[in-house]
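Here's the structure we're looking at; comments come further down.
The shown structure was predicted, so the numbers you read here are calculated from the model rather than taken from an experiment.
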Amino acid sequence: MSAIATSKDALAQARTRMEKAVEDFRKELSSVRTGRANVSVLDHVRVDYHGTGMPINQLGTLNVPDPMTIVISPWDPGAVPLIDKAIRTSDLGLNPTNDGKVVRVPIPPLTEDRRKDLVKNMHKVLENHRTAVRNIRRDIKEAVEKLEKEKKISEDEKKRSLEELEKVTHSETKKIEDLAAAKEKEVLEMK
């Protein structure tokens with residue numbers, strides 16, 4: 001965190017840090033499984049390839065030929081069994097098949113209980129990111145108050161800055177909540 005010399009610096013830093021929190025939340029949501037095939041579901045799976053844990057997308061091409069299947073075409077056919085094993089042993093509950101050339105990952109429909117678990121977990125992640133945004137707001141608010149105390153900004157400027165900080169906080173929190181609502185709808189809707 002760089003030093004905050006002006007209220008403008010404080011607000012710029014608040015925006016940047018809050019946008020990072022929103023982007024992090026967006027990335028985390030993309031790996032939440034819905035009943036529909038989506039290659040980002042495999043983003044966290046690492047394949048032990050020549051002693052290095054590598055993401056699947058660095059070992060071949062991934063595509064979704066239909067809403068219920070992901071097909072992985074490795075550039076090195078020797079990676080097929082390694083990719084198969086990595087997906088099988090991941091906590092995704094997927095059961096891939098392979099023909100020696102490609103790995104097919106059927107995406108089973110989610111059970112009602114699994115959907116509820118996913119939504120519950122998503123709410124925990126949502127709350128963590130809301131808290132992150134609130135912590136950023138607190139840090140920046142303290143920095144702005146310190147600037148006023150040190151007579152680097154006027155009381156009016158402090159007031160304006162804190163009002164702007166509230167607007168930014170509200171806007172970024174709303175983005176996170178909208179992303180969560182859309183993902184929840186997607187998880188609960190797919191049959």
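- When the side chains of ILVMFWY residues are joined at heavy-atom separations under 4.5 Å, either directly or via intervening members, Val102 and Val45 end up in two distinct hydrophobic clusters.
- The two atoms that bring Leu147 and Ala5 nearest to each other are CD2-O, 3.5 Å, heavy atoms only.
- To the nearest 0.5 angstrom, Ile70 atom CD1 is 9.5 Å from Asn63 atom CG.
- The salt bridge (charged side-chain N to carboxylate O under 4.0 Å, His left out) test applied to Glu28 returns no partner, not counting sequence neighbours.
- Sequence neighbours left out, not one pair with a member in residues 79-102 passes ring pair (Phe, Tyr, Trp, His ring centres under 6.0 Å).
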Taking distance alone, no hydrogens or angles, what donor-acceptor pairs closer than 3.5 Å link side-chain atoms of residues 71-83 to residues at least two apart or in another chain?
residue: Asp76; atom: OD1; partner: Gly78; partner atom: N; Å: 2.8
residue: Asp76; atom: OD2; partner: Tyr49; partner atom: OH; Å: 2.6

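- Distance check: Arg17 CZ to Asn135 CG gives 8.5 Å after rounding to the nearest 0.5 Å.
- Residue pairs meeting the salt bridge (charged side-chain N to carboxylate O under 4.0 Å, His left out) criterion with at least one member in residues 43-71: none, sequence neighbours excluded.
- Between the side chains of Ser40 and Asn38, a donor-acceptor pair is found at a separation under 3.5 Å.
- For Lys20, the salt bridge (charged side-chain N to carboxylate O under 4.0 Å, His left out) test picks out no residue, with sequence neighbours left out.
- Of the candidates Glu142, Gln13, Lys146, Gln13 is the only one forming a side chain to side chain contact (heavy atoms under 4.5 Å, CB included) with Ile4.
- In this structure, CD1 in Ile153 is found 9.5 Å from CD in Glu145, a value given to the nearest 0.5 Å.
- Taking the salt bridge (charged side-chain N to carboxylate O under 4.0 Å, His left out) definition, one finds that Arg26 meets it with Glu23, sequence neighbours left out.
- Atom CG of Asp117 is separated from atom NZ of Lys120 by 5.5 Å, given to the nearest 0.5 angstrom.
- Other residues, nucleotides and ligands contribute at most 12 non-hydrogen atoms within 6.0 Å of the CD atom of Glu155.
- Of all heavy-atom pairs spanning Ala180 and Leu29, the tightest one is N-CD1, 4.0 Å.
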Run Leu162 and Leu165 through side-chain contact (heavy atoms from CB on, under 4.5 Å) and show every step you take.
CA-CA 5 Å; Leu162 294 180; Leu165 179 60; 4.3 Å; yes

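- Residues Pro108 and Leu94 share a closest heavy-atom pair of CD-CD2, 3.8 Å.
- By the side-chain hydrogen bond (donor to acceptor under 3.5 Å, both in side chains) test, Asp84 pairs with Arg88, Asn98, sequence neighbours left out.
- Residues passing the side-chain hydrogen bond (donor to acceptor under 3.5 Å, both in side chains) test with Asp24, sequence neighbours excluded: His129.
- Leu42 is listed as a side-chain neighbour of Leu92, based on a closest heavy-atom distance under 4.5 Å.
- Taken together through direct or relayed side-chain contacts under 4.5 Å among Ile, Leu, Val, Met, Phe, Trp and Tyr, Val64 and Val105 form part of one hydrophobic cluster.
- The existence of a salt bridge linking Lys174 and Glu177 is excluded, since no basic side-chain nitrogen approaches an acidic carboxylate oxygen closer than 4.0 Å.
- Here Thr131 pairs with Arg134 under the side-chain hydrogen bond (donor to acceptor under 3.5 Å, both in side chains) rule; sequence neighbours left out.
- With respect to Glu172 and Lys175, a salt bridge is recorded, a charged nitrogen being found less than 4.0 Å from a carboxylate O.
- In this structure, Glu184 has no salt bridge (charged side-chain N to carboxylate O under 4.0 Å, His left out) partners at least two apart in sequence or on a different chain.
- Not a single side-chain hydrogen bond (donor to acceptor under 3.5 Å, both in side chains) links Lys27 to another residue, sequence neighbours left out.
- The list of ring pair (Phe, Tyr, Trp, His ring centres under 6.0 Å) pairs with a residue in residues 88-113, not counting sequence neighbours, is empty.
- The cluster map of Ile, Leu, Val, Met, Phe, Trp and Tyr, joined by side-chain heavy atoms under 4.5 Å apart, puts Val103 and Met54 in the same cluster.
- Interatomic distance, Arg15 CZ to Thr169 OG1, rounded to the nearest 0.5 Å: 10.0 Å.
- Closest approach of Ile140 to Ala10, counting heavy atoms only: CG2-O, 3.5 Å.
- Sparse packing is recorded around NE2 of His170, with 12 or fewer heavy atoms of other residues, nucleotides or ligands lying under 6.0 Å away.
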Take Glu164 and Val168 through the side-chain contact (heavy atoms from CB on, under 4.5 Å) test and state the conclusion after the steps.
CA-CA 6 Å; Glu164 183 63 26; Val168 171; 4.0 Å; yes

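- One finds the NZ atom of Lys152 at 12.0 Å from the OG atom of Ser7 (value rounded to the nearest 0.5 Å).
- When all heavy atoms are compared, the tightest approach of Phe25 to Ile176 is CE2-O, 3.2 Å.
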